[in-house]
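Data block below; observations after.
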Amino acid sequence: MATVKPSLAKGTRDFSPSEMIKRNYIFDTLKAVFKKYGYNEIQTPSFENLTTLTGKYGDEGDKLIFKILNSGDYLTKAPDSLLQDKNSNKLIPHISEKALRYDLTVPFARYVVMHQNDISLPFKRFQVQPVWRADRPQRGRYREFYQCDVDVVGSESLLNEAEFILIYQEAFERFGLKDFNIKINNRKILSGIAEIIGKPELIVDMTVAIDKLDKIGLDGVNKELLERGFTEADLNLLKPIILLEGSNGEKLASLKSILANSSIGLTGIAEIEEVFDYITKLSGDTELLTRIIDLDITLARGLNYYTGCIFEVKTNEVAMGSIGGGGRYDDLTGMFGLKDLTGVGVSFGADRIYDVLEELNLFPANKADSTKLLIINFDKQLETYTLGLLNKLRKENIAVELYAAPVKLKKQMGYADGKGIPYVLLVGDEEVSSGQLSLKDMESGEQVKVTESELIQKLR
């Protein structure tokens, strides 16, 4: 049998022990913050029924769902006519009933509907799991990646929106980020803007264009708006709104004047004001609104999905896209027949956060829950003592290894160094008889004598 050269499937990655230490640091930090705010973890299966996922992401999204072939001889139930036509889209329902999850949102909606009699509303959950998309792999874009979502459903209170902003603040400050912005907008304000210029039916076209202001500039936005059915008169009305400047309070004051005749627009402004009021009262920090929070009228993420406040987080310390985002939605579970259950949620971009922390050298040193001590294996006779010591240390929840075989000391020390183990214990005949063990600090090179109890105390 010919040997096969091992390779990774395109768009996937291996993670080394050192990378997993850093990734788990991110996940553990986020989970700790979520729990602090009353959110509980759930998990959903890696794959769902294909009918659960299809039709929820639009035509383009549906194309990116990884379908799973039925087990057994999956072609036996496929109609001969479809096999001859070679039309894969029509063939899929006959050969595939399952698919890998595309995101965590649709499975969460399915979970809420299926467990509606078991959960208490408002239901606050977080989820940290991988998702799969049959996208074209490229730098920073993978076919398998993790999402970190936190949502609350069954509550209309804007206290939730305020707490999500504080969750973002606390999480990123725990990571050591010092310069980041949490952008906020409201879908109702965008609807009001489209309404006052007399183009409510073109709200999606308007927001898709103005969302590109940072990338293509005002001239580029105006050109795109004209191509999408807006007039020069419309552009004159939009320009001062698109280029709105000043503090958050000054922006809100300007918007109140601009949207004075739009009921939905004024509702959006009132919601933003209520969120800001909650943030000030919750944080006790009167400067928080000006320091990291930015009312950005050009923010228009997920317009067809979100119905109220929308968020996006960016760091100013590294050239990177958004590292988090989300918003309010009014009918998450409607796709599964449970109507009018409002909710709000945000996500954290774990892979981008990893890259930011790596570039800024913000991962803590020796954060690992990995081996703290390597016991050198000198010979089989001494092994009896060292095995007993190994057992004692592990009972004290100390991560420790005994080198598996009595090989040359240099090789064992190289193992400890290569694995980043901070301490090495040398136990020879003299150490056993005296009860004074030789402990070496691998970083400083210092070697001291310790008793078993002193060793345990030091490594705890």
If you count the non-hydrogen atoms of other residues, nucleotides and ligands that lie under 6.0 Å from CG in Asn391, is the total more than 12?
yes
Less than 6.0 angstrom from the centroid, inside 45 degrees of the normal: does Arg23 satisfy that with respect to the ring of Phe15?
yes
Any cation-pi pair here, Arg125 with Tyr39, using under 6.0 Å and within 45°?
no
Pick out which of Asp330, Thr333, Asp331 makes a side-chain hydrogen bond (donor to acceptor under 3.5 Å, both in side chains) with Thr342.
Asp330
Counting only heavy atoms not in Glu156, do more than 12 sit closer than 6.0 Å to its CD atom?
no
Smallest separation among heavy atoms of Thr315 and Glu317, with atom names:
OG1-N, 3.2 Å
So, does Lys314 use its side chain to make a donor-acceptor pair with the main chain of Met320 at under 3.5 Å?
no
Quick check: are there more than 12 heavy atoms from other residues, nucleotides or ligands sitting under 6.0 Å from CD of Glu144?
yes
Looking only at heavy atoms, the pair that brings Asn185 and Ile297 closest together is ND2-O, 3.1 Å
Is there a donor-acceptor pair closer than 3.5 Å between any side-chain N or O of Glu454 and the backbone N or O of Thr451?
yes
Side chains of Thr51 and Asn49: any donor to acceptor distance under 3.5 Å?
no
Start with the C-alpha distance between Asp151 and Tyr329, add both sets of side-chain angles, then the distance that settles side-chain contact (heavy atoms from CB on, under 4.5 Å), and finish with yes or no.
CA-CA 10 Å; Asp151 293 78; Tyr329 41 79; 2.7 Å; yes
Distance under 6.0 Å and angle within 45° of the ring axis: does Lys98 meet both against Phe47?
no
So does Lys188 get a backbone contact from the side chain of Asn186, meaning a donor-acceptor N/O pair under 3.5 Å?
yes
Once the angle between the rings of Phe123 and Tyr111 is folded into 0 to 90°, is it parallel (under 30°), tilted (30 to 60°) or perpendicular (over 60°)?
parallel
Restricting to non-hydrogen atoms, name the atom on Val128 and the atom on Cys148 that form the minimum distance, rounded to 0.1 Å.
CG1-SG, 3.9 Å
Gln127 and Thr44 side chains, donor-acceptor separation under 3.5 Å:
yes
Might you confirm whether atom CD of Glu245 has over 12 heavy atoms from other residues, nucleotides or ligands at distances under 6.0 Å?
no
Around atom CD of Glu170, are there more than 12 heavy atoms of other residues, nucleotides or ligands at under 6.0 Å?
yes
When you look at Ser18 and Ser16, which way does the side-chain hydrogen bond (donor to acceptor under 3.5 Å, both in side chains) test go after all the steps?
CA-CA 5 Å; Ser18 61; Ser16 67; 3.0 Å; yes
Short N-O contact, Lys419 and Glu401, less than 4.0 angstrom
yes
Phe66 six-ring face occupied by Arg143 cation (under 6.0 Å, within 45°)
no
Looking at every heavy atom in both Asp441 and Glu443, which two are closest together, and how far apart are they?
OD1-N, 2.9 Å
Ring-plane angle category for Tyr403 and Tyr415, please: parallel below 30°, perpendicular beyond 60°, tilted otherwise.
perpendicular
How about Met114: does its CE atom have over 12 heavy atoms from other parts shown lying under 6.0 Å from it?
no
Output yes when a side-chain donor or acceptor of Asp135 lies under 3.5 Å from a complementary backbone atom of Pro137, and no otherwise.
no
